[in-house]
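So that we are looking at the same thing, I have put the structure below in structure tokens.
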Amino acid sequence: MTRNEAQTDIWRWLAASLVLLAGLLLPGAGLLHAQDETIRVEADDLALDLSRAVAITSNGSRTFQVSATPGEDGIVRRIEVEALGSPPTGHWAVLSLANASGQQIDRLIVAPHYRLVGSGLWKPDLGAQRIVNITPSEGFALDRQPSDDADIFNLTLNPNSVVTLVLELATPELPQLYIWEPEAYKDTINAYTLFRGIVIGISGLLALFLTILFVVRGTVMFPAAAALAWAVLFYISVDFGFLGRLVGITIGSEPVWRATAEIALAGTLVIFLFAYLNLSRWHKHFSHAALVWLTALGCLVALAVFYPNFSAGVARISLALTAVVGLGVIIWQATHRYDRAIMLVPSWAAVVAWVVAMGMTVAGAIDNDVVQPALGGGLVLIVLLIGFTVMQHAFSGGAVRQGLFSDVERQALAMSGSGDVVFDWDVLSDRVVTRPDVAPMIGLQRNALRGPARNWVEAMHIDDRDHFRTTLDMILEHRRGRIRQDFRLRGEDGHHHWYSLKARPVVGADGEVVRCVGTMSEITEQKKAEERLLYDSVHDHMTGLPNRELFMDRLSALIAAAKDDDRVRPTILAIDIDRFKTVNESLGISVGDTILLTVARRLARICRSEDTLSRFSGDHFMISLAGRPDPSEVKTFTAQVKKTISAPINFANQEIVLTPSIGVAGWTQQHGSAQDLVKDAELALHQAKRFGGDRIEPFRPAFRTLGSDHLHIEADLHRALDNGELHVLYQPIISVGTMSVAGFEALIRWNHPKRGPIAPSDFVPIAENSGLIARLGLFVMQRAADDIAMISRNSGRDDIYVAVNLSSSQFLRQDLVSDVKSVLTRTGVKPQTFRLELTESMVMSNPEQNARVLERLDALGIGLSIDDFGTGYSALSYLTRFPFDCIKIDRSFVIDRSERSHALLRSLIQLGHDIGMTIVVEGVDDDETLALLQEVGCDYVQSFMFGKPVDVHTAQDYCAQEPSAAAQ
């Protein structure tokens, strides 16, 4: 059978593996049957890959029993093999071979000691003796051939025979097992030996050449490149088995040499990257990081003697990190036009490609016998590319000799290189000359500024003229000093260019100033950058509105004016967009920014010039009103703000409707600072959000206490999650048909040590606003799953389910599906006994995205319920679109006992049944309603009439007292 045929017959192999696994797990695991699949060996087969056709087991015993594959006589023989290893490893493998031809076949069974393919990244398999002995079901044990690289056994198959081979393994892993035709194996080894010899020869010459280059040119990059070349030579010598022939490496010490070679390769690559790119000149932290990195790799060399697998795994990870980090550094330096980085791009691209191929190989994604020597040859190619790269530096032109120019020439070169302009004012003739001429630089005609100093004054910005004139007069009057001034020159197009003048006077023999000589440099871009920096420091970068600092500064000035003028009464509007996070998550952050910009422009249009509109953060805006002392005018403006924000926004052929929450606070004498007034407005805003949003809330002094309470509750909630103060109660859900407990709804409760019980409606919104809702929701799901598993186990009721309510913040989290999957895995609870409940409004807020989330939850096998059905959107067309399997009808349909309400209730139950959903009705509190529900075939009911929320032990007692629904 060829290798391709063995792969296509993988299902038979899997079945045989399952039989083998069953033999290991059942009592009497020392007895194993030979595989059902028998490998047919044909006379013309040169090589057969048996790696996936071997059944491996570990019984820890010195003996091993196996039922051989029946031969032509159909008799199944049982053989027992005793281990030859001392001490015995207890690892065994079974293989069945058949010779269907009429002639004797001689083959070699070959198991390499080391195989790079599939060796692994972390704690890799670095090679060892694989097979201690091979015992056939008939005849004598197979003879071993001497080999340093593999376990090789002679095998003779008689004509028309079936032989079962029992392999005593030295390790529990057998990465590769081949059957070779002897001559073909010999030819293959000779071919690989020739290739490896060529690669090692080229690598040795490269290492020697780079070492000589280091001696000739002593720059630090050359010894680093030479060290890398020697490390590559060391690595491929170990990998190709060449080093073992020189120093006599034993099989037991081979992992140590391999680990040391990989550490050397990883370390020298770091050294070369650091030295070649001269990273120490950029920042000393690069030197510290490289030193720590290399020290850690150096410690691995000593550790490799005792833990070679661990050391090699760290070295492989270091090699991958070096390739990734090096790629990032090279790209960064190349974009900054650093020549060395640009020249290293081809070589490092080869390094990255080699590391990727190496990773795929050790992970098993690339699986063939050519890849290992090919990777060795690729390393040599990389060193060759690196050698060409460093040679360009070795034989490039030298630097300019010192002393080649005179001092005057050096100064002229320095001036020319700096790009500055020489400023020369001949005082006696009142003539200003610049070299090169400044006039063409700003768009004026040549020599337009050459002449009297007044020509410069006329060309300057009006705000700079007096300062320039006064400075020159002071120099002439005091006959000493320096000129350091920034000024603006007007160009031909009317724009001004900033220049910085640095000059000093030259005093003549008579003590008077005869000249002023210095340099000018254009600083227009620098000044623009300073202006932008100043503007950005007090304005929002996206909307251009004043930021918090500028707003608070203007508000402080307004409050100061209000203290002196009774007619000035500042009012603050704190504005927040409701559920704006949902817009960002559903449409994307860039769309959210566009919407915020639209809102900012709309608000700016309705504000007066004396008002200040500011963006504090995210979707949080502030408006200070200065010229509206009349409360009715403030009320009208606030309503206009709400209407402006609520107007639909057209984007990408769809309308987006936003709603704002607005807090309003007016200044009083009790407000000592702008911070106090802003704080009151934000307290009013938080109260508006707490009431559901989309409202205007004026500030009231009582809000200060509420805000303080919210902070205390948030802090206490952090502590409660850490200290286990929260607990879960379970309200029974009753089956209408049997009147027995069918499940429970999990309800979170908090018994505060000082405040006493706190209702979920008080602390859950705080958890959502503070970001604690993720921990809180995961706590409820985990506790509910643990408890329902315990209830089912102790009561014998495996049909009991638990329902957990989801908040909107939980549902919008991207990690929700992962959290549910993690809870099911950790607790081992059956997915069909775990249910999530979502409200209609939550699902319909973003149907497209939420449908995908619900489909992923449904794929986990859990139940999904629509909670409070009939109180939200009631979009019946979506019932079949979303993967819900249960409808929970709100209690409002039960409280109203009118005939119309009952008719609607019957219709809803019938509708749910028609589309294959179960029905739960909440709030049933009398027998008449229960009789109605029994009549129309309602599935479940839930209310205080059938049981209040109880702890887990009481819930367990409920279930233990009743038979399961399946039994009834």
Side-chain angles (χ1 to χ4, degrees), residues 114 116 119-127 196 199-200 202-204 206-208 210-211 221 223-244 249 254-276 290 293-305 307-327 344 347-362 371-387 389-390:
Y114 174 71
L116 182 64
S119 59
L121 179 62
W122 180 248
K123 292 185 179 180
D125 181 1
L126 295 181
R196 290 168 177 169
V199 171
I200 291 176
I202 295 174
S203 179
L206 276 174
L208 186 61
L210 290 175
T211 303
M221 75 171 71
L228 178 61
W230 285 110
V232 170
L233 178 60
F234 178 40
Y235 174 82
I236 62 176
S237 295
V238 173
D239 193 51
F240 290 172
F242 179 72
L243 189 64
I249 298 176
E254 184 178 358
V256 178
W257 287 95
R258 290 191 184 278
T260 305
E262 294 188 8
I263 295 171
L265 182 61
T268 52
L269 188 63
V270 174
I271 294 174
F272 171 75
L273 181 69
F274 181 83
Y276 180 84
W293 199 330
L294 292 174
T295 302
L297 291 175
C299 295
L300 284 179
V301 176
L303 191 63
V305 178
Y307 305 103
N309 302 82
F310 171 80
S311 302
V314 176
R316 292 183 179 185
I317 294 174
S318 172
L319 199 63
L321 288 176
T322 304
V324 174
V325 174
L327 181 62
L344 191 61
S347 300
W348 205 258
V351 171
V352 173
W354 186 87
V355 170
V356 171
M358 182 74 167
M360 297 175 66
T361 301
V362 300
V371 64
Q372 187 169 342
L375 287 174
L379 268 181
V380 178
L381 177 61
I382 290 173
V383 174
L384 185 62
L385 290 174
I386 289 175
T389 303
V390 298

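Start at 1 with the first residue, then count along the sequence. All values below come from the heavy atoms of this structure, side chains included, with hydrogens, waters and symmetry mates left out. Computed from a predicted model, the values in this text were never measured in an experiment.
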For Leu375, enumerate each residue passing the side chain to side chain contact (heavy atoms under 4.5 Å, CB included) test, keeping only those at least two apart in sequence or located in another chain.
Leu116, Trp354, Ala357, Met358, Thr361, Val371
For the student: nearest non-hydrogen atoms of Val380 and Ile236, plus distance
CG2-CD1, 3.9 Å
Is Leu294 close to Phe274 at the side-chain level, that is, under 4.5 Å between some pair of heavy atoms?
no
Student check: side-chain heavy atoms of Val314 and Trp122 closer than 4.5 Å
yes
Kindly write out the residues that satisfy side chain to side chain contact (heavy atoms under 4.5 Å, CB included) with Thr268, not counting sequence neighbours, or none if the list is empty.
Ala227, Leu228, Ala231
With sequence neighbours excluded, give me every side chain to side chain donor-acceptor pair (under 3.5 Å) pair touching residues 310-320.
Tyr114-Arg316, Ser119-Arg316, Glu262-Arg316, Trp293-Ser318
Distance check, rounded to the nearest 0.5 Å: Trp230 atom CH2 versus Thr211 atom OG1?
5.0 Å
Please tell me if the side chains of Thr389 and Trp348 come closer than 4.5 Å, counting only heavy atoms from C-beta onward.
no
Only pairs at least two apart or in different chains count here, so list each side chain to side chain donor-acceptor pair (under 3.5 Å) that has a residue in residues 375-384.
none
Would you compute the distance between atom CG of Leu300 and atom OG1 of Thr295 and round it to the nearest 0.5 angstrom?
11.0 Å
Suppose we screen for side chain to side chain contact (heavy atoms under 4.5 Å, CB included). Which residues come up paired with Ala275, at least two apart in sequence or across chains?
Val220, Ala224
Does any part of the side chain of Leu379, heavy atoms only, come nearer than 4.5 Å to the side chain of Leu265, both counted from C-beta?
yes
ring-ring contact (aromatic ring centres under 6.0 Å, His included) filter on Tyr307, not counting sequence neighbours, yields none
Could you measure the distance from the OH atom of Tyr235 to the OG1 atom of Thr260? Nearest 0.5 Å is fine.
13.0 Å
Spacing of OG1 belonging to Thr322 relative to CG belonging to Leu297, to within rounding of 0.5 Å
7.5 Å
Looking at side-chain heavy atoms only, is the closest gap between Leu303 and Cys299 below 4.5 Å?
no
